[in-house]
Amino acid sequence: MPINITMPALSPTMEEGNLAKWLVKEGDTVKSGDVIAEIETDKATMEVEAVDEGVVAKLVVPAGTEGVKVNSLIAILAEEGEDVKAAAAGGDAAPAPKAAPVNDDGPGKPEPTPNPTPTPAKAPIADQGPAPSTPAPVSASGDRVFSSPLARRLAKEAGLDISKVSGSGPHGRVVKSDVEKAVASGGAKASAAPAASAAPAPAMAKGAGDDAVLKLFEEGSYELIPHDGMRKTIASRLLESHQTVPSYFVSMDCELDALMKLRAEINKAAPMVKTEKGEVPAYKLSVNDFIIKAMALALRDVPMANASWTSTARIKHKHSDVGVAVAIPDGLITPIIKKAETKTLSTISNEMKDLARRARDKKLKPDEYQGGTTAVSNLGMFGVSNFTSIINPPHASIVSIGAGIEKPVVKNSEIKVATVMTATFAFDHRVIDGALGAELASAFQKHIQNPMGMLV
């Protein structure tokens, strides 16, 4: 029986992706674990592995296709011994719901099809979002249950609720042997299928007001740059943050002279290691590496500020996972240094260089840029003296770093010149009250101005 391959959800928030490249062609034999395609999400390019074995009967979605919805059909596999042409035709035929061979979610939910003109019976299902277009069931809590087509068919035939079957396959995927064990042990029977929820109201037409804006400019005096997935994500998340997070700002001047001196001494003492490019220092610390560590230690020192907001509770984090804003071509991404308060400066430096390089190549994994407890945004290298940043939930804080500038300062009633950097903190007032935010900013300043303490 044909096996449908659908667009995977490569992160919890992914709704669509671009099918950048097929690494197989029709007629190829694949086995579980083989890399079959490259998918571009809003901020990364990831490889997709096959979870079933068979022959590629049809590539439904061509390479280079943009905006492919999660769980929509992208390819069809023929099982061992199955006629490849018949499998490909079966995937295109858009059979009636009860005849759909690989849909095991329950009656009344036909398998999705690439047919560009679906029948009226399918229209409401296609409009319900990601879940109806996938053969994978969901648990009672609404989480997707990953399972193979064969496992779903066997579970359906046995009257089992597959969401209650423990999976032993890759990433907890439910496979044939798991269903067989559940059947042998008298697994829980499937409950009656819930009534289909009403289809949501049609979304507002996209681009409303665009024509009015374009009319303000002379035709031919501009070019249009369509929004890619990254730009859409940046816009939607930061707009949401601006509208929902009650932010306030605190600025703190930090003297950098001791830090700059220590940095130079550490870099000078770095051992040499052999690489393909010859001998290079084992590490080369930047000022930003010290800033990352200082922010992590400040959150350790002021643990109540190391938190995130939810509608029912504050999430108090046990470690400082510091996101660092990295500019990439026409976009921005924030890879995360996890447990930064426990890591040495050299480890942070080398890890940050690797993350930044892979961020620019769009090769980060979702868990390397999603989450985190705070963030650092540094525009000092551009000569910016100070600025404010928008908090990116689930963070409750972000620090904006300006350039180190020589300024006159008063010390012991004498005017001296010092290199001063302005750090401006944005705080989510739901989580971090004013006094708590000032305490965190003060702890950050202490670590920056006494950098030797970051070495122990």
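Nothing fancy with the numbering, it's 1 onward along the sequence. Values reported hereafter were calculated over all heavy atoms of this structure, with side chains retained and with hydrogens, waters and symmetry mates removed.
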Does any N or O in the side chain of S236 come within less than 3.5 Å of the main-chain N or O of K232, such that one atom is a donor and the other an acceptor?
yes

Can you spot which of K338, R358, K363 makes a salt bridge (charged side-chain N to carboxylate O under 4.0 Å, His left out) with E368?
R358

Using 0.5 Å steps for rounding, measure from the CD1 atom of I448 to the CE atom of M295.
10.5 Å

Taking atom CD1 as the centre, does I225 end up with more than 12 heavy-atom neighbours from other residues, nucleotides or ligands that are less than 6.0 angstrom away?
no

Please determine if E16 and K69 form a salt bridge, counting it only when a charged side-chain N lies under 4.0 Å from a carboxylate O.
yes

Is a donor on one side and an acceptor on the other found under 3.5 Å between the side chain of R300 and the backbone of H319?
no

Note, I292 side chain near V322 side chain (heavy atom, < 4.5 Å)
yes

Pick one: which of S247, P246, S241, P393 meets side-chain contact (heavy atoms from CB on, under 4.5 Å) with D428?
P246

Without swapping roles, check the side chain of N378 against the backbone of G380 for a donor-acceptor pair under 3.5 Å.
yes

Counting C-beta onward and ignoring hydrogens, is there a side-chain heavy-atom pair between L299 and L440 closer than 4.5 Å?
yes

Taking side chain as C-beta onward, heavy atoms only, is V280 less than 4.5 Å from V273?
yes

Please round to the nearest 0.5 Å and tell me the distance separating atom CE of M252 and atom CD of Q445.
5.0 Å

Using distance alone, with no hydrogens and no angle criterion, decide if S251 and T422 have a side-chain donor and acceptor under 3.5 Å apart.
no

Residues, nucleotides or ligands: over 12 heavy atoms within 6.0 Å of F382 CZ:
no

Work out which heavy atom in K353 is nearest to a heavy atom in K284; give both atom names and the distance.
NZ-O, 2.9 Å

Looking at CG of L355 and OH of Y369, how far apart are the two atoms once the value is rounded to the nearest 0.5 Å?
12.5 Å

So does M272 have more than 12 non-hydrogen atoms from other groups sitting under 6.0 Å from CE?
yes

Kindly indicate, with the supporting measurements, whether the criterion side chain to side chain donor-acceptor pair (under 3.5 Å) is fulfilled by S377 and S400.
CA-CA 5 Å; S377 181; S400 306; 5.4 Å; no

Does E47 offer a backbone N or O that forms a donor-acceptor pair with the side chain of E38 under 3.5 Å?
no

Gap between atom CD1 of I76 and atom CD of E26 - 0.5 Å precision
9.0 Å

Is S385 close to I405 at the side-chain level, that is, under 4.5 Å between some pair of heavy atoms?
yes

What are the two closest non-hydrogen atoms of H395 and G372, and how far apart are they?
CD2-O, 3.1 Å

Would you say that N71 contacts M7 through its side chain, given a criterion of any heavy-atom pair below 4.5 Å between the two side chains?
no

For the student: nearest non-hydrogen atoms of I328 and M230, plus distance:
CD1-CE, 3.1 Å

So, the side chain of N350 versus the backbone of A282: is there a donor-acceptor pair under 3.5 Å, distance only?
yes

Look at atom NZ of K407 and say whether more than 12 heavy atoms of other residues, nucleotides or ligands are closer to it than 6.0 Å.
yes

Stepwise, does the side-chain contact (heavy atoms from CB on, under 4.5 Å) test hold for D210 with V213?
CA-CA 5 Å; D210 287 357; V213 174; 5.6 Å; no

Indicate the atoms forming the closest heavy-atom contact of A340 with K293, along with that distance.
O-CD, 3.6 Å

Parallel, tilted or perpendicular: which one describes the rings of H429 and Y248, with boundaries at 30° and 60°?
tilted

Check the pair M260, D257 against side-chain contact (heavy atoms from CB on, under 4.5 Å), reporting the backbone distance first and the verdict last.
CA-CA 5 Å; M260 299 290 285; D257 297 285; 5.9 Å; no

Would you say the side chains of S349 and D289 form a donor-acceptor pair under 3.5 Å?
yes

Answer yes or no: is there a side-chain heavy-atom contact under 4.5 Å between I3 and E79?
yes

How close do L216 and A212 get, counting heavy atoms only, and between which atoms?
CG-O, 3.6 Å

Straight-line distance of L262 CG to N450 CG, nearest 0.5 Å:
11.0 Å

Could you tell me whether K411 and E255 have a side-chain N and a carboxylate O separated by less than 4.0 Å?
yes

Determine, step by step, whether V324 and N288 satisfy the side-chain contact (heavy atoms from CB on, under 4.5 Å) criterion, reporting the C-alpha distance in whole Å, the side-chain angles of both residues, the deciding distance to 0.1 Å, and the verdict.
CA-CA 9 Å; V324 184; N288 209 47; 3.7 Å; yes

K339 versus D321, closest heavy-atom pair with distance:
N-OD1, 2.8 Å

Would you indicate whether the side-chain heavy atoms of R231 and D330 approach each other to under 4.5 Å?
yes

Taking it one step at a time, do S308 and H317 satisfy side chain to side chain donor-acceptor pair (under 3.5 Å)?
CA-CA 8 Å; S308 299; H317 303 287; 2.8 Å; yes

Between T424 and N386, does the side chain to side chain donor-acceptor pair (under 3.5 Å) criterion hold? Intermediate values first, please.
CA-CA 7 Å; T424 303; N386 64 82; 5.1 Å; no

Are L23 and V48 side-chain neighbours, meaning at least one heavy-atom pair lies under 4.5 Å?
no

Passes salt bridge (charged side-chain N to carboxylate O under 4.0 Å, His left out), E351 versus K343? Steps please.
CA-CA 10 Å; E351 190 173 323; K343 295 179 177 178; 2.9 Å; yes

Residue pair M304, R314: steps toward the side-chain contact (heavy atoms from CB on, under 4.5 Å) verdict
CA-CA 10 Å; M304 286 304 294; R314 281 177 293 171; 3.6 Å; yes

I'd like to know if the side chain of T65 and the backbone of V61 have a donor-acceptor N/O pair within less than 3.5 Å.
no

Run K446 and S442 through side chain to side chain donor-acceptor pair (under 3.5 Å) and show every step you take.
CA-CA 6 Å; K446 181 191 73 173; S442 180; over 6 Å; no

Mind checking whether F425 and F444 have ring centres under 6.0 Å apart?
yes

Between the side chain of E40 and the main-chain N/O of L19, is any donor-acceptor distance below 3.5 Å?
no

